[in-house]
Engineer: 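I'd like to ask you about the structure that follows.
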Amino acid sequence: MPVYKIFLPWLLEGSRIDEKRNRGRLLASSCLCKMFCRRDIVYTANLSLLAYFYRMVQQSLSTNHSSVKWNIIRNSSEIFTLGLPGVNILIPHFLRELTSLFTSKNAPPENVLLRSVSILASLICFPNHMRDVTIPYEGQQVTSDALRNQLSSILIDAFYSDVVAMPAVKTQLVYALLLVILDDLYSSNPRASIVQQCITALMETSQDTSDRVARASLDALDTLASAFPQLMAMGTEVVCPMVILLSNNIVNLIKDARSGNLREEIVVAHLYCLLNWVLIAGTNLLLDSQTVLDKVCIEYLDQFIYEFFPSLTLYDTTCYHHYNDNTTQRLGLFGCRICTLG
């Protein structure tokens, strides 16, 4: 007799015991999650056994005990990445609980938040890949469009939630928002408002007090430069604010450096991110906004390089004025300034 036929009924029964034996329930549910949420289960799982497992997850997520819910989230973060038959039935239940988790007054443990973001991120591309899928939930049919909107809403709200204060969780949310943006930009039905909200969130954390979060945000903004044509299809009001923000941030960071607060990695990340946007966007777009790459920004950049990197004085500050009337050369000079930092 297979071992699972001996122990599986005990574990299923243990996951349903009363509240007085909550510790046993936690152990049983965690064992079941570890048994079914692994890569090789797809080829060996019996559909009837999966049905029992799904029922256990659904009941655990519906309980009033936060410890039981957190236990399921901790141990089943890969549940939607395994291709388990029929697992889509659990998506609305997870989204309901994750919405409550990020809006709760009491902050869950960091590992629960990290696993929660992992679950949400694993579902971001699902609605666009499964356009015709509907999922029954509480007597209704949840469409892929409804799931798509709910997912992006949860992630955006979580990004601004008070319970998300840990840099590790914030960093994971940054990359989840980046995935939302890219998924939208390359879909047949991009949502300009969602893209704008996600980009605004990334811009707001580009100067976060945590270097880890700031670097992640700048990395995300840098990645978005590769989707420049798709962003431009939504209008220059999506692109120009990013370039302006990076330019202004560089000026502010240099001012802070002069007062003794030098965040070297963040300054360099800003410079490379801005250079990437300048090279990809070209001069035609940047000429539309006179506040981008203005004289003050480039002069501050010159002074910063000369003061903090004296061995890289390849150009005289007066050469800026020589190129002042030739914008193409001006931008090329700006690129030379940034490249000297490499």
Side-chain angles (χ1 to χ4, degrees), residues 33 36-45 47 50-51 53-54 57-58 61 72-73 75-99 101-102 114-138 140-159 171-199 201-202 216 219-220 223-234 238:
C33 289
F36 285 95
C37 296
R38 52 191 176 87
R39 294 293 171 187
D40 59 343
I41 193 66
V42 180
Y43 308 102
T44 59
L47 289 179
L50 282 174
F53 171 64
Y54 295 160
V57 173
Q58 180 181 345
L61 291 175
I72 294 295
I73 293 171
N75 294 287
S76 62
S77 59
E78 296 184 353
I79 190 170
F80 298 113
T81 68
L82 303 173
L84 294 173
V87 73
N88 298 343
I89 196 72
L90 295 176
I91 292 178
H93 299 278
F94 271 95
L95 294 185
R96 181 196 66 219
E97 295 310 317
L98 295 180
T99 301
L101 184 143
F102 285 111
L114 288 170
R115 297 300 176 88
S116 299
V117 179
S118 295
I119 293 172
L120 291 172
S122 70
L123 291 171
I124 289 173
C125 299
F126 174 81
N128 275 332
H129 288 183
M130 304 292 182
R131 298 292 302 168
D132 300 326
V133 170
T134 58
I135 302 172
Y137 176 66
E138 295 184 349
Q140 299 180 349
Q141 295 293 323
V142 181
T143 64
S144 59
D145 287 337
L147 282 177
R148 187 186 181 197
N149 292 330
Q150 189 178 3
L151 276 167
S152 54
S153 177
I154 294 173
L155 285 167
I156 293 172
D157 291 343
F159 193 84
T171 299
Q172 202 166 358
L173 279 169
V174 164
Y175 288 113
L177 290 183
L178 172 63
L179 184 56
V180 171
I181 296 171
L182 295 176
D183 182 65
D184 256 87
L185 291 178
Y186 290 98
S187 71
S188 58
N189 183 29
R191 302 165 297 173
S193 61
I194 295 298
V195 170
Q196 185 66 67
Q197 289 180 59
C198 293
I199 290 177
L202 297 179
D219 183 35
T223 303
L224 286 179
S226 62
F228 176 72
Q230 288 75 18
L231 287 168
M232 280 301 296
M234 297 184 176
V238 178

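Fair warning: this is a prediction, and the values are worked out from it, not measured in the lab. When reading the values below, keep in mind they use all heavy atoms of this one structure, side chains included, and skip hydrogens, waters and symmetry mates.
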Engineer: Should Pro136 and Gln141 count as side-chain neighbours, where that means a heavy-atom distance under 4.5 Å?
Structural biologist: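 Answer yes - side chains close enough.
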Engineer: Can you find a heavy atom in the side chain of Asp132 that is under 4.5 Å from one in the side chain of Ser144?
Structural biologist: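 In short, these two side chains do not touch, never coming nearer than 4.5 Å.
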Engineer: Find the distance between CG (Leu98) and CG (Leu155) and round it off to the nearest 0.5 Å.
Structural biologist: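 Those atoms lie 9.5 Å apart.
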Engineer: What pair of heavy atoms forms the shortest contact from Leu224 to Leu178, and how long is it?
Structural biologist: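 For Leu224 and Leu178, the tightest heavy-atom pair comes out as CD2-CD1, 3.7 Å.
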Engineer: I'd like to check the side-chain contact (heavy atoms from CB on, under 4.5 Å) partners of Gln140; sequence neighbours left out, ordered by chain and number.
Structural biologist: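 With sequence neighbours excluded, Gln140 shows a side-chain contact (heavy atoms from CB on, under 4.5 Å) to no residue whatsoever.
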Engineer: Nearest 0.5 Å, what's the CG-CG distance between Leu173 and Leu120?
Structural biologist: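 If we round to the nearest 0.5 Å, Leu173:CG and Leu120:CG are 8.0 Å apart.
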Engineer: How many angstroms lie between atom CD1 of Ile194 and atom CG of Leu185, to the nearest 0.5 angstrom?
Structural biologist: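 One gets 12.0 Å once the value is rounded to the nearest 0.5 Å.
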Engineer: Can you see which heavy atom on Phe102 is nearest to which on Ser116, and at what distance?
Structural biologist: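 Nearest pair, atom of Phe102 first, then Ser116: CZ-CB, 3.9 Å.
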Engineer: Return the minimal non-hydrogen interatomic distance between Leu179 and Cys125, and the atom names on each side.
Structural biologist: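 Looking at all heavy atoms of both residues, the shortest contact is CD1-SG, 4.2 Å.
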Engineer: Give the intermediate values and the outcome of side-chain contact (heavy atoms from CB on, under 4.5 Å) for residues Leu177 and Ile199.
Structural biologist: CA-CA 8 Å; Leu177 290 183; Ile199 290 177; over 6 Å; no
Engineer: Do Val142 and Thr134 have side chains that approach each other closer than 4.5 Å (heavy atoms only, starting at C-beta)?
Structural biologist: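 In short, these two side chains do not touch, never coming nearer than 4.5 Å.
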Engineer: So, Tyr186 and Asn128: side-chain donor and acceptor under 3.5 Å apart, yes or no?
Structural biologist: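 Not at all, the side chains of Tyr186 and Asn128 share no donor-acceptor pair under 3.5 Å.
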Engineer: When rounded to the nearest 0.5 angstrom, what is the spacing between CD1 in Ile135 and CZ in Phe126?
Structural biologist: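 Taking CD1 in Ile135 and CZ in Phe126, the distance rounds to 5.0 Å.
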Engineer: Any heavy-atom pair between the side chains of Phe36 and Leu82 that's under 4.5 Å?
Structural biologist: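 A side-chain contact is absent here, since even the closest heavy-atom pair is not under 4.5 Å.
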Engineer: Decide whether Arg148 and Thr143 meet the rule of one side-chain donor and one side-chain acceptor closer than 3.5 Å.
Structural biologist: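 Thr143 and Arg148 do not have a side-chain donor-acceptor pair below 3.5 Å.
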Engineer: Asp157: which residues meet the side-chain contact (heavy atoms from CB on, under 4.5 Å) condition with it, sequence neighbours left out?
Structural biologist: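 So Asp157 forms a side-chain contact (heavy atoms from CB on, under 4.5 Å) with Ser153.
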Engineer: When rounded to the nearest 0.5 angstrom, what is the spacing between OH in Tyr137 and CZ in Arg96?
Structural biologist: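 Answer rounded to 0.5 Å: 4.0 Å.
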Engineer: Using only atom types and a distance under 3.5 Å, with no angle test, would you say the side chain of Asn75 pairs donor to acceptor with the backbone of Cys33?
Structural biologist: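 Checking the backbone N and O of Cys33 against the side chain of Asn75, no donor-acceptor pair under 3.5 Å is found.
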Engineer: Using side-chain contact (heavy atoms from CB on, under 4.5 Å), reason through Val57 and Ser76 one step at a time and then give a plain yes or no.
Structural biologist: CA-CA 9 Å; Val57 173; Ser76 62; 5.6 Å; no
Engineer: Please report the interatomic distance CZ(Arg115) to CD1(Ile72), rounded to the nearest 0.5 Å.
Structural biologist: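 If I round to the nearest 0.5 Å, the distance is 13.0 Å.
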Engineer: Apply the test side-chain contact (heavy atoms from CB on, under 4.5 Å) to residues Leu123 and Leu147: give CA-CA distance (whole Å), side-chain angles for both, the deciding distance (0.1 Å), then the verdict.
Structural biologist: CA-CA 9 Å; Leu123 291 171; Leu147 282 177; over 6 Å; no
Engineer: Looking at Phe80 and Val87, what are the two nearest heavy atoms and their distance?
Structural biologist: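 Closest heavy-atom pair between Phe80 and Val87: CE2-O, 3.5 Å.
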Engineer: Can you tell me if Gln172 and Ser118 form a side-chain donor-acceptor pair at under 3.5 Å?
Structural biologist: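 There is such a pair between these side chains.
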Engineer: What are the two closest non-hydrogen atoms of Leu182 and Ala227, and how far apart are they?
Structural biologist: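 Smallest heavy-atom distance, with atoms named: CD2-CB, 4.3 Å.
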Engineer: Go through the steps to decide whether Met234 and Val195 satisfy the test side-chain contact (heavy atoms from CB on, under 4.5 Å), and finish with yes or no.
Structural biologist: CA-CA 9 Å; Met234 297 184 176; Val195 170; 3.8 Å; yes
Engineer: For Arg131 and Asp145, which heavy atoms make the closest approach, and how far apart are they?
Structural biologist: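 Shortest heavy-atom separation between Arg131 and Asp145 comes out as NH2-OD1, 3.1 Å.
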